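Here the structure is laid out as structure tokens; the discussion comes afterwards.
Since this is a predicted model, take the numbers as computed values, not measurements. Counting starts at 1 for both ligands and their atoms, following the listed order. Residue indices begin at 1 and follow the sequence shown.
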Amino acid sequence: MRKSLLRILDLICEGLGHEQGYFDDELSKTQLLSVNHHIPCPNPSLTLGMPEHSDPNLITMLHQCSVPGLQVFLNGQWMNVEPLPGALIVIPGLQLKVITNGKFSSPIHRVMTDSEEARTTIGTFLIPSHDMLIEPAKDGEGNPPVYRGYTYKEFFSTFTGSNCDADTALGCFKNKA
Ligand SMILES: O=C(O)CCC(=O)C(=O)O
Ligand SMILES: [Fe+2]
């Protein structure tokens with residue numbers, strides 16, 4: 001999974017004009033594997049499997065099982081991400097948004113519960129090393145950086161301190177327009 005994500009990141013580099021391997025080392029140092037098990041809820045309107053959030057890391061790969069539940073917030077409404085057999089979902093994280101100076105966005109998503117079936121998913125998260133300086137990569141187009149540099153440690157504590165609200169956390173690292 002790490003190899004596939006690094007390949008995808010290299011394709012992103014190619015598209016944006018950054019050198020190959022830009023994300024290979026400290027920016028993707030840690031790989032976290034997380035298994036989520038959501039038990040059924042007879043009345044799914046009463047609880048969410050996972051509340052709405054953007055992933056705070058660099059990039060995520062998710063294997064959802066055959067039970068639906070993942071939703072993404074798109075054009076002002078929640079859309080179901082239907083499970084496809086054998087498909088893996090790639091979710092750009094907030095660090096990818098910052099490093100690409102906002103060219104990539106990090107989608108808000110959440111998990112609904114199912115009334116009858118349990119849902120087990122596996123996520124792989126690539127995470128920068130804690131002391132790594134994160135900043136928009138120079139894009140050769142002379143666009144001013146939207147965000148100031150920070151360490152991932154600093155970002156993560158701001159993110160958790162703002163109730164995991166992406167806009168609030170990112171707002172703390174925005175340069176004045
Ligand atoms: O279980 C899922 O479908 C999504 C999990 C997720 O969004 C996460 O772990 O960040
Ligand atoms: Fe997520």
Value rounded to 0.5 Å, distance of CG in L5 from CD1 in I59:
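Those atoms lie 5.5 Å apart.
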Is the contact between D55 and ligand 1 made by the side chain, the backbone, both, or neither, using heavy atoms and a 4.0 Å cut-off?
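Just the side chain.
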Taking heavy atoms and a distance under 4.0 Å, where does I91 meet ligand 1: side chain, backbone, both or neither?
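Neither part.
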With a cutoff of 4.0 Å, is M50 in contact with ligand 1, counting heavy atoms of the residue only?
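For ligand 1, residue contact (heavy atoms, under 4.0 Å) with M50 is present.
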Does ligand 1 have an atom that lies less than 4.0 angstrom from a heavy atom of R110?
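It does not; every heavy atom stays at 4.0 Å or beyond.
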Of the protein's non-hydrogen atoms, which lies at the shortest distance from atom 1 (O) of ligand 1, and what is that distance?
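For atom 1 (O) of ligand 1, the nearest protein heavy atom comes out as T121 OG1, 2.7 Å.
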Closer than 4.0 Å to some heavy atom of [X] - which atoms of ligand 1 meet that?
X    : result
H109 : 7 (O)
V111 : 1 (O), 2 (C), 3 (O), 4 (C)
F125 : 8 (C), 9 (O), 10 (O)
N36  : 1 (O), 5 (C), 9 (O)

Heavy-atom pair of closest approach, residues [X] and [Y]:
X    : Y   : result
S115 : P44 : N-CG, 3.8 Å
S4   : M61 : CB-CE, 3.8 Å
L74  : M79 : CB-CG, 3.8 Å

When the ring planes of F159 and F155 are compared, do they come out parallel, tilted or perpendicular, using 30° and 60° as the limits?
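The rings of F159 and F155 lie parallel, inter-plane angle below 30°.
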Is there a side chain to side chain contact (heavy atoms under 4.5 Å, CB included) between T60 and N57 once you walk through the steps?
CA-CA 8 Å; T60 304; N57 51 300; 3.1 Å; yes
Could you tell me whether some N/O pair between S34 and ligand 1 is separated by less than 3.5 angstrom?
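In fact, backbone or side chain, S34 has no N or O that close.
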Result of checking K29, E26, K153 against S129 for side-chain hydrogen bond (donor to acceptor under 3.5 Å, both in side chains)
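That would be E26; it is the only one of K29, E26, K153 passing the side-chain hydrogen bond (donor to acceptor under 3.5 Å, both in side chains) with S129.
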Donor-acceptor side-chain pairing of D114 and H38 below 3.5 angstrom
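Per modelled atom types, D114 and H38 side chains form no pair under 3.5 Å.
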Using heavy-atom distances, let me know which of R119, H63, Q64 sits nearest atom 3 (O) of ligand 1.
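Shortest heavy-atom distance from atom 3 (O) of ligand 1: R119.
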Passing option when F173 is tested against Y147, Y150, Y152 for ring pair (Phe, Tyr, Trp, His ring centres under 6.0 Å):
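Per the ring pair (Phe, Tyr, Trp, His ring centres under 6.0 Å) rule, the option paired with F173 is Y150, out of Y147, Y150, Y152.
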Should F125 and T30 be marked as a side chain to side chain contact (heavy atoms under 4.5 Å, CB included) after you check the CA-CA gap, both sets of side-chain angles, and the distance that decides it?
CA-CA 8 Å; F125 301 80; T30 305; over 6 Å; no
May I have the list of side-chain donor-acceptor pairs in residues 9-16 shorter than 3.5 Å, sequence neighbours left out?
residue : atom : partner : partner atom : Å
D10     : OD1  : G21     : N            : 2.7

Listing by chain and number, what protein N/O/S atoms are under 2.8 Å from the Fe ion (ligand 2)?
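Sorted hits: H53 NE2, D55 OD1, H109 NE2.
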